[in-house]
Structure formats: C-alpha cells, structure tokens
Protein chains: 2
Amino acid sequence: MKTSKISLLIQQTHIGTLVSKRLDVSLSVHGINFTEYTIMHHLHATRDNKLSRIGLAEKVGLTASGVTRVLLPMEKNHLVSRESNPRDARQSLVVMTDAGRELFQNAQVTAEYSTEEILSLLDQDELSLLVKLLNKLKC
Amino acid sequence: MKTSKISLLIQQTHIGTLVSKRLDVSLSVHGINFTEYTIMHHLHATRDNKLSRIGLAEKVGLTASGVTRVLLPMEKNHLVSRESNPRDARQSLVVMTDAGRELFQNAQVTAEYSTEEILSLLDQDELSLLVKLLNKLKC
DNA sequence: GCTATATGCTTGACTAATCAACGATTCTAC
DNA sequence: GTAGAATCGTTGATTAGTCAAGCATATAGC
C-alpha cells in the first residue's frame, strides 16, 4: 500500500509493451504485427468495416501520420483499400477488403490463443472488473 | 460480456501508450521522457541505486541495446554514471548520480501530479485491486 | 587447464512512429 | 460569398527502439 501510484502507471505501461511484443511474435505467422491487427480489429467492429484515417488514429492511439504509414503496406497487400467520402472530400475512408477480412479471421484465432495464455490466471469476474477499472482511467 | 478477451488486451496496450505519451509531455519540462523517468524510478528503488544494464532492461521492458541507447544521453548529462562490477567484468553497473537523484526528485513531483489526474476516478480500493489484477497477467 | 557454451554489452543497419510544415477542403461569421 | 480558422491527410526529417552480429568475459564439463 506504500508503493506510490506512479508505480501503478509504470507497471501498466510495462505490461502494455510486453503484451504488444508477445502478440507481435504470435501474429508474425500471418505477416502482420499487433498494430495492424488492432487496426483490422477496429475496422471489423465498425458498421460497413469503414473508418476515416483520423477516426482510426484515435482508436488505435497513433497520430494521423502514423496511420498513414501503417496503412501503406496494408494497402499494397490489399488488406484494406481507400474510399472517398462524398460528403467530405478531405476524408479518405479505410475499408477492409475481402482478403483483409479473411486474413483477419485467421489471425484472430492466433490472437485468441495468445490472449487466453496471457489472461489464463484471471477468471471471468476478474476480467470484467479489469475492463471496468481500465475504463476509469482518465487518458 | 460478449466482447472478446482480445479487446481487453487492445484496450490495455492503448491505455499504456496514452499514459506514456501524457507523462512524456509532463516530464518534458525536466528534460526527460517517461522511459528515462522509469529508469530512474527503478534505480531509486534499488539498494545503492545500482543496477546492471541487463537488470534494468528487464525491469523497464527494453532490450539490452535499447538500454544502452537510452543511457547514452543520460550519462552525457551526468544523471547516471558507470561502475564496473569487480565480481564480473562483463557487467557494467548503472549508478544514479547526485545530480540524477536531484532531478528525479523534482520530476517525481511532476509525475505524481499527472498520475493523480490520470487515476483521479479510482479510489484506494480500486487502485490496489487494479495492481493485483495487473500482477496476474502472464507476460 | 582447455574447449565449448552462455552471458553482458555495444554497434551498424533497420523499422515504427513522431513532429512540424504543408496542401486541400470545409466550416464559421460577417 | 468571402476571409479566416479549423480539419483531414501526406511528406521530410528526426527519434526511439529493435535485431543480428560481434567482442569480451565467465561458466561447465572433460
């Protein structure tokens, strides 16, 4: 109880980097890293599998230019494609392709497996509790 | 409850990057970033304020070469210095200097302030619960 | 003691992501 | 409707960190 609150944030970020590295390794068999997986995860969770680049940036915690650079190889590999918004010519929407969806579904199996390992020591109640607590952080 | 466990890990890493960026900004007034702060935090918490570079790497979640590169400017600014281990000539120990301790103590005030903001929505019970849950992750 | 293997650390080459500046478009308020 | 401010996205330059290779030392087994 005497450990400062900063230790909690240090631990939080530490675990974040470990989780990310671990999933990078697992997902590499599909030719993607965890950032790319996360992008597809958010696209998949969206109606029409579409998001603006800025919207994507906010969801994944990257800058706009970071998103541009992550998407570059994904477009080249036809995992996502580009669509313009008729309502706003500044926006270009990111759309998951069929190939992207297929790769994502395979990658999801892999990611789920690693996730189970990482979370294996938590039961269902603890999981939802953890989600609740993380949601309370003011970032 | 229907959200997959992967979402939890995605959220976890997302928060990690946000926290890290936020503390980077706060700490910049002291001329250090969050990684450097974390290194000093671990040195400070150690008997004699000394750690091997490998030991440090494990604690902060960097590779050995990552540690080498973070410490380079810190050595130049005399925040840490280098000491050899008489028992093992391969090791070089990282020691916090007096100047380092002083800067760290100032930075700690700043970091604590930001931490309070970030954790403001959690009460004491929730904080210790969160620590407990994070400790249960198998990374 | 000597060889083989493992560990600690640094370096060159690379990758992921940032920031600042910019062009293009849209929104606001007069 | 037009000027000014805000938003979306890309680009060049930079930074933080990785990986693979290597040198130096240490450890283990013969």
Side-chain angles (χ1 to χ4, degrees), chain A residues 13-14 16-28 31-40 50-77 79-95, chain B residues 13-14 16-28 31-40 50-77 79-95:
Chain A
T13 56
H14 186 191
T17 70
L18 294 183
V19 165
S20 171
K21 281 179 187 176
R22 181 142 163 192
L23 283 164
D24 273 349
V25 172
S26 311
L27 289 167
S28 67
I32 60 173
N33 62 26
F34 184 48
T35 301
E36 291 163 326
Y37 179 86
T38 302
I39 284 183
M40 299 179 94
K50 280 177 204 171
L51 276 173
S52 77
R53 295 161 111 76
I54 289 285
L56 209 39
E58 266 163 28
K59 281 191 189 282
V60 301
L62 289 181
T63 60
S65 62
V67 167
T68 297
R69 291 192 152 122
V70 173
L71 290 181
L72 215 62
M74 295 181 78
E75 287 170 340
K76 202 177 304 183
N77 295 337
L79 301 178
V80 298
S81 66
R82 192 177 284 251
E83 201 169 290
S84 56
N85 182 351
R87 304 289 181 88
D88 188 340
R90 291 170 306 179
Q91 277 193 0
S92 87
L93 300 172
V94 188
V95 196
Chain B
T13 56
H14 185 191
T17 70
L18 294 183
V19 165
S20 170
K21 282 179 187 176
R22 182 143 163 190
L23 283 165
D24 274 348
V25 172
S26 311
L27 289 167
S28 66
I32 59 174
N33 62 27
F34 184 48
T35 302
E36 291 162 326
Y37 180 86
T38 303
I39 283 184
M40 301 180 93
K50 281 177 205 173
L51 275 172
S52 77
R53 297 160 110 75
I54 288 285
L56 210 39
E58 265 164 28
K59 282 192 189 278
V60 301
L62 289 181
T63 60
S65 61
V67 167
T68 296
R69 291 193 152 122
V70 174
L71 290 181
L72 215 61
M74 295 181 78
E75 287 170 342
K76 201 177 303 182
N77 295 336
L79 301 178
V80 297
S81 66
R82 192 177 284 254
E83 203 170 288
S84 57
N85 182 350
R87 303 291 181 84
D88 188 340
R90 291 170 305 178
Q91 276 193 359
S92 85
L93 300 173
V94 187
V95 195

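Quick note on labels: first sequence line is chain A, next is B, and so on, each numbered from 1.
The CG-P distance, from Asp24(B) to dT15(D), rounds to 14 Å in whole Å. Following rounding to the nearest Å, Glu58(A) (CD) and dT7(D) (P) show an atom-to-atom distance of 11 Å.
Annotation: side chain of Thr13(A) is in contact with side chain of Phe34(B) (closest heavy-atom distance under 4.5 Å). Counting heavy atoms from C-beta on, the side chains of Val60(A) and Thr35(A) never come closer than 4.5 Å. For the pair Ile32(A) and Leu79(A), the minimum side-chain heavy-atom distance is below 4.5 Å.
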Side-chain donor/acceptor pairs under 3.5 Å, residues 64-74 of chain B, sequence neighbours excluded:
residue: Ser65(B); atom: OG; partner: Thr63(B); partner atom: OG1; Å: 3.3
residue: Thr68(B); atom: OG1; partner: Ala64(B); partner atom: O; Å: 3.3

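Residues Gly55(A) and Ser52(A) share a closest heavy-atom pair of N-OG, 2.9 Å.
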**Under 4.0 Å protein heavy-atom contact, by nucleotide of nucleotides 9-18 of chain C - B base, S sugar-phosphate only** = SBBBB---SB
